[in-house]
Each structure stands twice: as C-alpha cells, then as structure tokens.
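Worksheet for the structure shown next.
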Amino acid sequence: MPMDFQILDADYEIVDSSPVIRLFGRGADGKSVCCFVPDFEPYFYLKASGDLHAVARLIKDTFEQVKKVEIVEKFEPVGYQKTKIEMLRITTGLPRDVPEIRDEVLKIQNVLRAEGDWQVYESDILFRNRFLIDRDLGGMVWISADGKSVDPVRYLKAGSGGSSRCEKFACDASILGSELKRIENLTIAPLKYFSFDIECLPLDGGMPSPDVSPIVMISFSFEPEYKGHKTLILLAKPADGMNGDVLPCKDETEMLNRFFEIFCEYDPDIVAGYNHQDFDIPYITDRVKALTAKGEVINPVVGRDGSHIGYRRFGLITRTEVKGRVVVDALPLVRRAFSLKQYTLRAVSKELLNREKLDVPPLEMEEHWNDSGKKFLKFVDYARRDAELALELILDLRLLDKYIALAQVSGSLLQEIVDGGQTSMVETLLLREFGLRDRVILPKPGDELSAERYDMSSDLKGGEVLEPKKGLLENVLILDYKSLYPTIMMAHNLCYTTVVTRDRPGGETIKPPSGGEFVPPEVYRGIVPSILEDLLNQRGETKKRMRRTSDENEYRVLDATQLAIKILLNSFYGYSGYARARLYSLTLANAVTSFGRSNILNTRDLINSDIGKIVLRDSAALLLDEAGELSSQYRIVELSVAYGDTDSVFVHCRSQGDLSLEEVSLIGNRISKIVSASLPDPMELEFEAIAKRAVLIAKKRYALWLFEPRNSGWEDKIKVKGMETVRRDWCELTSITLNSVLELVLKEGDVDRAVEHVRKVVSDVRNLDPRKDTDIIEKLVLTRTLTRKTESYKNKQPHLTVAENLKKRTGVMPSIGTRIPFVIVAGKGLFVDRAEDPDYVREHNVPIDVDYYVKKQILPPVERILEVFGVNVSSLDFDSKQKGLFDFEAKKPEVKKQEKEKVSAQQKSKGTVQEEKVQCSEIGRVEQRSLFDF
DNA sequence: TGAAGCACCTAA
DNA sequence: TAAGTTAGGTGCTTCA
C-alpha cells in the first residue's frame with residue numbers, strides 16, 4: 001500500500017557501500033515516516049578540452065571513486081549560446097567523493113597539457129538536494145511512496161559495517177521506497193510541535209558555563225498534548241507535592257536522560273524554542289559532554305535516526321541539526337517578521353502575545369532553586385512560562401506558514417529556509433530549471449572571487465527616486481508598478497542565458513539603457529524570465545483559488561502560498577547582484593535597474609506632459625480632447641507627479657473646487673490604463689489608493705491620509721514612511737507626539753491644535769519630576785543595534801557606551817545584533833558619554849537630560865512637519881531659561897483659546913487647506929509677538 | 001562654521 | 001556552510 005506523507009527532512013546513509021536517500025516526513029494519518037530510496041548516484045560536470053574520450057578514460061582509470069564518465073551536451077551557465085558543448089558527467093560511488101576529486105580532476109589538464117579553461121560544474125550540491133531537484137521533489141511537498149516496509153535498524157546495518165547511529169530509530173513507519181510520486185494536497189500534515197527551555201544555575205548571576213553550571217530544570221510545551229500534558233517540567237532534584245506536570249528526577253543526569261526519552265517518545269516534527277539554537281541546544285550538548293567525561297551515562301538521542309544532539313559554530317552563527325525534524329528558533333523568526341524595539345522574550349511576548357514573562361533574576365536563581373516553598377514554585381512556573389511563550393509565538397502568530405509555503409514553492413527543505421535567506425531558494429529553482437534546459441550551473445564562488453565581485457558591485461546602480469514636491473498636498477493618487485523588477489525581466493527577456501557575451505544572434509537585440517545586449521525571446525527564451533512567468537501564473541492561480549474556497553485552513557495555506565511566491569519573484573534580481581551567488585551578472589542586474597529608472601522617468605513625463613490634464617464629465621474620466629469645446633459641466637483636473645520612488649508614482653490632482661474620492665479614483669484608473677497600455681507585457685502600473693492629504697517631507701519621508709476601496713465603501717488610514725514615528729532609534733515620546741501631530745494635520749487639518757499639543761508635550765517634559773514620573777522614562781528610551789565588535793567601531797556610540805557599562809556591571813557583554821536600550825542623562829560632556837541603561841537610571845534615580853529630549857528628540861521631527869505649514873517653530877519651546885517665567889505659562893491658555901476660535905471660524909468659511917497655511921503662520925506670529933510683548 | 005565621515009535605520 | 005540589492009535622511013563628532 002502506498003504511503004502518503006509530507007517531506008520534512010532528507011539526508012542519506014551508506015548501505016552496502018552505496019548511498020541511500022532517506023526522506024523523513026509526517027503522514028496524513030499522523031504517523032512519522034522514513035522512506036529509504038536507493039539507486040540514486042552522486043555526479044558532477046567537467047568542462048574539458050582536447051579529446052574528451054581520452055580525458056574520460058584517464059579520469060576513470062585514475063580515480064577509483066569514479067564509477068562512470070559520460071560525454072554529455074550542455075550549455076555553459078552564463079551567456080547566450082547558439083549550440084551546446086560537450087562536457088563530462090562524472091558519477092562517483094559516494095557523495096563525499098565529489099568534493100574529494102573535483103579539484104583532482106582539474107589537475108588532469110596539466111597532465112595532458114591541454115589548452116583552454118577547464119571548469120567543474122554543480123560539484124558542490126548537497127546530495128540530498130541533488131536528489132530532490134532531479135526527482136522534482138522538495139521540502140514540505142506531499143509524496144506517495146510505494147514500497148515494502150522495512151526494519152530500519154536491520155536495513156541500515158545490512159552490510160554497512162554497522163553504523164553506530166542506527167541503534168534506535170524513532171519513526172512510526174519505515175519503507176523501502178520503490179516508486180515516489182509527487183501528489184497534490186493543500187493541507188498540512190498533523191505536525192507535532194514542542195518547545196523546550198533550560199534553566200541553569202549560574203555562578204554569581206553571570207553567564208552560566210556548561211563546564212561548571214548545572215542544568216536544574218527543563219520545561220516543555222507540547223502541541224498536541226503529550227500524554228495529557230500541555231506542559232511538563234523536569235527537575236534535577238527530588239521534590240514532594242508537585243503538580244502532575246512536574247517530574248522530579250534523582251539528579252541532573254537522570255533529568256537529562258528523561259529529557260531525551262521524552263524527546264524521542266513524543267517524536268516532534270518541529271523542535272521549537274526561543275534562542276535555543278544559540279543557547280539551549282549548545283548548552284545541553286556541552287553539558288552532556290562534561291557529565292559524560294565525569295563518568296555519567298547519558299544517551300542524548302534526538303534525531304529520528306537515533307543521532308545525538310549537537311551543534312556547529314561558524315564564526316558567530318550556530319547551526320543545530322536534528323535529523324528528520326526541523327529546529328525552529330522563534331527569535332530570528334520574530335526578528336524577521338516584526339519591527340520591534342527589543343527582542344527579549346519579555347518584550348516580544350508583551351508586544352505580540354500580550355502575555356507577561358514571569359521573572360526570576362539570575363542572582364536569585366540559586367535561592368529560588370534551594371527553596372522548598374513558594375519561591376521554588378515560582379521558579380518552576382517561570383520555567384514553564386518560557387517554554388509556553390516560545391511555542392505560542394510560533395503557533396499563535398503563525399510564524400511558520402510563510403516558511404512552509406516558501407519550501408513548497410521553491411523546493412528547498414524547510415530547515416534551510418528557516419535558517420537561511422533567499423539564496424538557497426533561488427538556487428534550488430535555478431538548478432531545477434537549468435537542468436531541464438541542459439544548462440549547467442557554477443559552484444559557489446570562493447572568498448577571493450566573492451571579494452573581487454564585491455568590489456565591482458559598486459557600479460551596480462539602483463532605483464530612481466524623484467525629488468518630492470515638499471509640503472502639503474490634497475488629492476494625491478498613489479500608483480505603483482506590480483512586481484516591477486520581475487516584470488521588467490520578463491518583458492525584456494533579461495537573463496543570464498540571454499545576455500550576449502560570446503555568440504551573436506542573427507537579428508536585433510534588446511539594448512538596456514545601462515548597456516549590454518540581450519537576445520529576444522524568439523531567439524532564446526531566458527530561463528529566469530520563464531521561471532518568473534511560471535511563478536506569476538501560479539500566484540494568479542492561487543489568488544483565484546483563494547476567492548473560491550470557503551475552507552478557512554485552505555484559505556490560509558493559499559494566502560501563505562501567494563505571499564511566498566511574491567517573495568520568490570522579488571528574490572531573483574537581488575540574487576543576480578549578490579557577490580556570493582553561483583550566478584552573478586552585473587550586466588543583468590544593471591539592465592534590470594536601468595530599465596526601472598527609465599521606466600519611472602518615462603511614466604512621470606507621460607503623466608505630466610502627455611496626459612497633463614484630465615477632463616471629468618458626468619461620471620466618466622476622459623482625456624482632454626484638443627478640438628473639443630468644454631462647457632461648464634466639464635471639470636478639468638490638472639495632473640502632476642509629486643513624488644516617486646523606484647516603482648511608485650504619486651500624482652497630484654488639482655481642480656477648481658473639491659474632488660470626491662470617486663472622481664479621483666476614476667482618474668486613477670484612467671492613468672493606470674493609459675500608462676499600462678504604453679508598456680510591454682506583463683508590466684503594469686496599478687492604482688493603489690488615494691491620499692486625501694499628503695505631507696511630503698523629503699525623499700523616502702512622507703505621511704499620507706489614505707483611502708482605499710473596501711467592500712463598497714472607503715477605508716481610511718494614516719500611512720507614515722521613513723519619518724521618526726517608524727524609526728526605532730527615536731524614543732516613544734517622539735513617535736507618539738509626531739503621530740498626534742500628523743493625525744491632527746492630515747485628518748482634521750487643524751495645525752493649530754497640533755501646535756498646542758506640541759507645546760503641551762514640551763512643557764510636560766520640561767516640568768518632569770524624575771522622582772515621581774518614573775514611568776515616563778519608558779517613553780524616553782531610545783534603542784540601537786549593536787552591529788559589531790567593540791574594536792571595530794571607529795567612533796564612540798551611545799549604545800556601545802551602555803553595552804560596556806552593562807558588561808562592567810553584570811560581566812555579560814550583549815551579543816552582536818542585540819538592540820540596546822538607553823536614555824540620555826543630564827550632565828556635561830558628549831552625548832555618547834551620557835547614554836545610560838534605563839534600568840540603572842530607574843534604580844539609581846539618575847536625572848534625565850530634559851533639554852536633550854525637548855531640543856533633540858521632540859522638536860526637530862515636529863518642526864520639519866510644522867514648517868511646511870508655515871508655523872514659526874521658535875514658538876514651540878519655552879527654553880529652560882524662560883521656564884521660571886511662570887506667569888507667562890499661566891496666561892498662555894487664554895490667549896490660545898481666543899486665537900483658536902477665531903481660526904476655526906475662518907476655517908469654516910474658507911475651508912480649503914491651502915488657506916490654512918496662511919492662518920497657521922499667523923498663529924505662529926501671534927505667539928511670537930506675545931512672547932516678545934511679555 | 002560647515003564639510004566630511006561614521007553609524008544607523010528605513011524605502012523600495 | 002553567513003549574508004538578496006541600492007538610495008537616502010539624519011544625528012553626532014571631528015577637523016579644517
């Protein structure tokens with residue numbers, strides 16, 4: 001009977017001195033499966049010169065690992081080629097033979113004194129990936145495997161000389177697959193998830209070290225439950241009167257053995273945790289080693305094939321692998337998915353789950369552990385909560401959905417996708433498609449070549465950013481190009497395989513503004529453009545199915561799929577300019593961006609000049625007809641591009657009197673149609689939304705009051721880009737204040753109230769009582785990422801100061817990549833030297849530098865906006881010297897109120913925003929005058 | 001006093 | 001066995 005399952009992981013094992021692929025997965029029936037697939041052989045390609053038959057014979061005779069050398073016809077990786085050339089396909093006995101002999105075969109060239117350049121191809125593809133690519137399988141794909149069931153331990157031992165790794169096998173079922181078929185299934189297998197978290201007893205509250213600091217507790221959280229338990233806590237000591245989910249053990253060794261037993265017995269597909277990739281897993285591994293060295297007996301099996309817990313460190317990065325399962329660390333996933341000020345489990349749980357982490361400070365852990373009453377129970381609950389939170393982050397926030405979809409669409413294994421970036425996905429897709437088109441792919445470049453390319457990359461130019469019409473605008477259309485770079489590549493057949501390098505095609509070529517030449521699709525349809533086209537079609541299809549389905553789960557899977565496809569579509573351009581890519585082409589990357597730049601410039605000119613004006617008549621938008629006479633029932637709308645960045649254009653619509661949202665959207669649709677019609681397929685300018693009001697401050701900095709069509713009505717929201725509200729290196733008070741100002745200015749059109757609000761905030765801060773207002777410190781915290789080692793900084797940095805203080809006080813230096821919170825405290829000297837840890841400031845009542853917050857955090861961003869409205873910004877702050885002039889402040893509200901009433905009356909009578917500008921500047925002056933009068 | 005350079009973060 | 005890309009604003013410090 002064939003067995004259906006979803007592929008979670010793949011690797012190989014040697015049986016009878018031949019490699020056997022192992023596919024690990026979870027079946028629709030809930031059973032974990034291992035499927036053995038023999039008879040797949042490792043190979044790579046060699047481009048050689050001279051008599052290939054002779055070369056082939058020599059290679060076969062020289063290397064005993066080589067099983068077969070064939071002559072095949074292939075295209076080289078880069079450049080348009082009229083014909084294939086002959087290459088050697090070298091098959092070896094074992095996967096590890098490939099890296100071993102790939103350098104050796106190149107030396108044959110010297111032996112033969114052959115001319116030309118020899119080159120190996122596809123010599124560094126992991127064997128499991130080679131298999132998945134060649135068999136059209138991939139991560140999280142459903143397959144139906146036919147074959148007979150086998151005893152995995154006996155099977156692996158047969159003739160392999162006894163692999164020590166297969167004493168124990170943790171799958172529910174194993175089969176020897178004879179036929180594998182990919183099947184369509186829109187569900188996700190009933191995966192088993194668990195998370196775990198360890199608690200160690202550190203010496204003097206510092207960092208625990210696995211040599212000396214014991215692990216005292218391990219907490220689990222399960223989904224679905226394990227033997228009726230949602231959570232489980234293992235203790236490294238005996239204890240009485242514990243809950244059913246607390247398992248006291250004799251000692252640490254027994255606890256660790258229980259941990260591994262539960263690991264295998266539960267048999268999770270997803271091994272979750274928070275920072276466990278960098279901390280818990282390496283710690284357990286090292287601790288087991290330390291205890292074993294002392295003579296303790298621990299059997300640390302975690303893999304589905306009986307393999308042990310372990311990790312590897314590459315520089316700063318730790319990689320852990322658990323055979324047959326997927327290790328998912330919530331920390332990097334949360335980092336990628338959400339822009340937060342801090343990524344401690346505490347901050348993340350609060351922000352995203354609205355749940356509190358419990359806490360036991362490191363210095364008190366020993367006390368809590370040795371207690372037998374409440375404190376001990378608190379410690380247990382603390383451990384339990386940490387495990388729960390890690391799993392909740394992944395499940396409640398559905399963090400894995402996107403990655404599962406990316407695995408399915410790209411064909412890479414889930415673990416690679418969760419761990420890595422876009423590279424592995426793009427390469428998997430390229431390898432598959434190149435293979436089908438008889439084209440080989442280069443190995444990954446070494447450090448030298450990468451460095452060389454990195455230097456060249458400085459002449460890769462990017463997108464075009466149009467100078468914004470700074471200030472306040474009404475009725476702005478937001479349009480953007482749908483998937484600009486991918487559609488450019490499709491429209492112009494831009495590809496590694498179409499760029500003219502050696503062979504010249506007969507007819508015309510495509511010439512991008514950046515230079516270079518590409519053959520048209522009739523001559524050779526580029527591989528990347530066809531991959532993109534395929535992805536684009538898949539995405540359209542997926543979206544169609546989303547509209548059809550009523551099943552909630554299916555909808556979610558489909559939504560994740562279309563999002564994954566979008567990510568993949570946008571990954572190819574970046575990859576082509578990436579110095580460590582297998583296929584790197586500056587000509588290609590530059591062609592894409594240069595078409596992009598000329599496209600947005602053409603669009604601007606088309607809208608400004610060719611369209612220029614649009615005539616609104618009845619309910620239809622028409623182009624202004626030169627000959628046509630216009631009666632009073634027509635309205636002319638003048639169009640001009642107010643801003644644009646890479647793939648977007650903001651079009652300002654001006655006409656006499658108000659324009660309704662419906663009228664503006666008619667214009668938007670019209671522009672979209674006209675511009676799209678002038679472009680090659682599948683490029684398309686899409687009408688996205690209307691900004692009733694827009695404040696453009698600078699390139700990449702603006703705020704919009706947006707209206708988007710939503711089921712037969714309009715939905716409005718404020719969208720802020722690039723300004724301090726969305727930047728994490730400004731304090732919360734800045735973003736709150738700025739948001740209020742933007743809201744008042746954009747939605748209410750009430751600059752006056754915005755000014756008043758700012759004054760209030762400023763005076764609140766100036767009058768801050770640090771002893772009483774400790775909670776406001778929270779709003780004054782700035783954060784910045786520690787991006788490098790101390791010695792690599794050329795200049796002092798505030799967060800570096802704080803990180804070093806932390807190191808002095810606790811002995812622990814925050815690791816690279818950590819966001820460091822800090823506040824600026826009062827005193828003399830440089831800003832960088834006055835940065836301090838907020839906790840320290842709270843505990844020690846250190847005074848805050850109020851003047852800094854007013855002058856450097858609140859005012860500059862607010863001024864940049866209010867200046868646009870002609871507000872005299874010097875009236876916003878009462879300088880610290882004037883703070884003593886209490887009378888003035890007391891009088892202020894009266895003056896304000898009068899002015900405000902006057903203004904709002906005027907506003908009502910005139911109404912448009914243009915006039916407000918004048919009125920507002922008057923307010924500014926009035927205040928200014930009263931200041932002097934006083 | 002203002003330009004130059006570093007550092008960070010964001011837009012696309 | 002680390003890593004998609006460039007464009008651009010702003011603040012702080014140093015130095016001519």
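Side-chain atoms are counted along with the backbone in the values below, which use heavy atoms only and exclude waters and symmetry mates.
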Rounded interatomic separation in angstrom, taking CG from A:Asp647 and P from C:dA7: 15 Å

Salt bridge A:Lys699-A:Asp645, side-chain N to carboxylate O under 4.0 Å: no

Under-4.0 Å salt bridge between A:Arg834 and A:Asp849: yes

Check: residues 818-832 of chain A side-chain donor-acceptor pairs under 3.5 Å, at least two apart:
residue: A:Thr818; atom: OG1; partner: A:Ser815; partner atom: N; Å: 3.4
residue: A:Thr818; atom: OG1; partner: A:Ser815; partner atom: O; Å: 2.5
residue: A:Thr818; atom: OG1; partner: A:Ser815; partner atom: OG; Å: 3.3
residue: A:Arg819; atom: NE; partner: A:Lys341; partner atom: O; Å: 2.9
residue: A:Arg819; atom: NE; partner: A:Thr783; partner atom: OG1; Å: 3.4
residue: A:Arg819; atom: NH1; partner: A:Thr785; partner atom: OG1; Å: 3.1
residue: A:Arg819; atom: NH2; partner: A:Thr783; partner atom: O; Å: 3.2
residue: A:Arg819; atom: NH2; partner: A:Thr783; partner atom: OG1; Å: 2.9

Sugar-phosphate only, base, or nothing, as touched by A:Leu830 at under 4.0 Å among non-hydrogen atoms: sugar-phosphate

Side chain to side chain contact (heavy atoms under 4.5 Å, CB included) involving A:Gln422 - partner list, sequence neighbours excluded: A:Met425, A:Ser571

DNA chain C contacts among residues 726-733 of chain A, heavy-atom distance under 4.0 Å: A:Arg727, A:Trp730

Minimum-distance nucleotide to A:Ala698 side chain [options: C:dG9, C:dT1, C:dG11]: C:dG9

Touch class at under 4.0 angstrom, heavy-atom based, for A:Val832 against every strand present: sugar-phosphate

Please produce a list of atom pairs where a protein N or O lies less than 3.5 Å from an N or O of nucleotides 4-6 of chain C.
residue: C:dG4; atom: OP1; partner: A:Gln422; partner atom: N; Å: 3.3
residue: C:dG4; atom: OP2; partner: A:Thr423; partner atom: OG1; Å: 2.4
residue: C:dG4; atom: O5'; partner: A:Thr423; partner atom: OG1; Å: 3.3
residue: C:dG4; atom: N9; partner: A:Gln422; partner atom: OE1; Å: 3.4
residue: C:dG4; atom: N7; partner: A:Gln422; partner atom: NE2; Å: 3.4
residue: C:dT6; atom: OP1; partner: A:Ser457; partner atom: O; Å: 3.4
residue: C:dT6; atom: O3'; partner: A:Gly462; partner atom: N; Å: 2.9

Under 3.5 Å: donor-acceptor pair, side chain of A:Arg319, backbone of A:Asp419: yes

Geometric class of the A:Tyr793/A:His799 ring pair [parallel <30°, tilted 30-60°, perpendicular >60°]: perpendicular

Derivation and outcome, side-chain hydrogen bond (donor to acceptor under 3.5 Å, both in side chains), residues A:Ser594 and A:Ser514: CA-CA 6 Å; A:Ser594 70; A:Ser514 57; 3.2 Å; yes

Whole-Å distance separating the NZ atom of A:Lys796 from the P atom of B:dC8: 16 Å

side-chain N/O A:Thr785 vs B:dC9 OP1/OP2, d < 4.0 Å: yes

Ring centers of A:Phe518, A:His492 separated by less than 6.0 Å: no

Sugar-phosphate only, base, or nothing, as touched by A:Ser576 at under 4.0 Å among non-hydrogen atoms: nothing

A:Gln857 CD - B:dC8 C1' separation (whole Å): 14 Å

Side chain to side chain donor-acceptor pair (under 3.5 Å) contacts touching residues 583-592 of chain A (sequence neighbours left out): A:Ser457-A:Tyr584

Sugar-phosphate, base or nothing in reach of A:Thr593, heavy atoms under 4.0 Å: nothing

Touch class at under 4.0 angstrom, heavy-atom based, for A:Tyr702 against every strand present: sugar-phosphate

Touch class at under 4.0 angstrom, heavy-atom based, for A:Pro798 against every strand present: nothing

Sugar-phosphate only, base, or nothing, as touched by A:Tyr852 at under 4.0 Å among non-hydrogen atoms: sugar-phosphate

Nearest-Å distance for atom pair NZ/C1', residues A:Lys482 and B:dA12: 18 Å

For nucleotides 1-6 of chain B, print each protein N/O atom paired with a nucleotide N/O atom at under 3.5 Å, atom names and distance only.
residue: B:dC6; atom: O4'; partner: A:Asn795; partner atom: ND2; Å: 3.2

Sugar-phosphate, base or nothing in reach of A:Arg819, heavy atoms under 4.0 Å: sugar-phosphate

Integer-rounded Å distance: B:dC9 P and A:Leu786 CG: 10 Å

Reported CG-to-OH distance for the pair A:Leu742 and A:Tyr702, which is rounded to 0.5 angstrom: 13.0 Å

Candidate pair A:Gln857 and A:Tyr852, rule side-chain hydrogen bond (donor to acceptor under 3.5 Å, both in side chains), full reasoning: CA-CA 7 Å; A:Gln857 283 284 314; A:Tyr852 168 80; 3.3 Å; yes

OG-CD1 distance between A:Ser412 and A:Ile417, expressed to the nearest 0.5 angstrom: 4.5 Å

Trace of the side chain to side chain contact (heavy atoms under 4.5 Å, CB included) decision for A:Thr428 with A:Asn129: CA-CA 8 Å; A:Thr428 304; A:Asn129 291 343; 5.9 Å; no

All pairs passing salt bridge (Lys or Arg N to Asp or Glu O under 4.0 Å) where residues 720-734 of chain A contributes a residue, at least two apart: A:Arg701-A:Glu724, A:Glu724-A:Arg864, A:Arg727-A:Asp729

Terminal helix-axis angle for the helix from B:dT1-C:dA16 to B:dA12-C:dT5, with five pairs defining each axis and rounding to 10 degrees: 20°

Distance, rounded to the nearest Å, where A:Lys721 contributes NZ and B:dA11 contributes P: 5 Å

Stretch residues 331-340 of chain A: residues that reach within less than 4.0 Å of DNA chain C through a heavy atom: none

Results of salt bridge (charged side-chain N to carboxylate O under 4.0 Å, His left out) for A:Arg128 - residues two or more places apart only: A:Glu416

Spacing of A:Arg453 atom CZ relative to C:dA3 atom P, expressed in whole Å: 15 Å

Within residues 570-598 of chain A or reaching into it, pairs that qualify as salt bridge (Lys or Arg N to Asp or Glu O under 4.0 Å) - sequence neighbours excluded: A:Asp124-A:Arg582, A:Glu427-A:Arg582, A:Asp447-A:Arg580

Verdict with supporting geometry, A:Leu479 and A:Glu688, side chain to side chain contact (heavy atoms under 4.5 Å, CB included): CA-CA 5 Å; A:Leu479 301 117; A:Glu688 271 286 314; over 6 Å; no

Short side-chain N/O contact to B:dC8 OP1/OP2 from A:His799, under 4.0 Å: yes

Phosphate contact (C:dT10 OP1 or OP2) by A:Arg864 side-chain N/O below 4.0 Å: yes

Between C1' of B:dA7 and CD1 of A:Ile816, the distance in whole Å: 15 Å

A:Glu464: salt bridge (charged side-chain N to carboxylate O under 4.0 Å, His left out) partners, not counting sequence neighbours: none

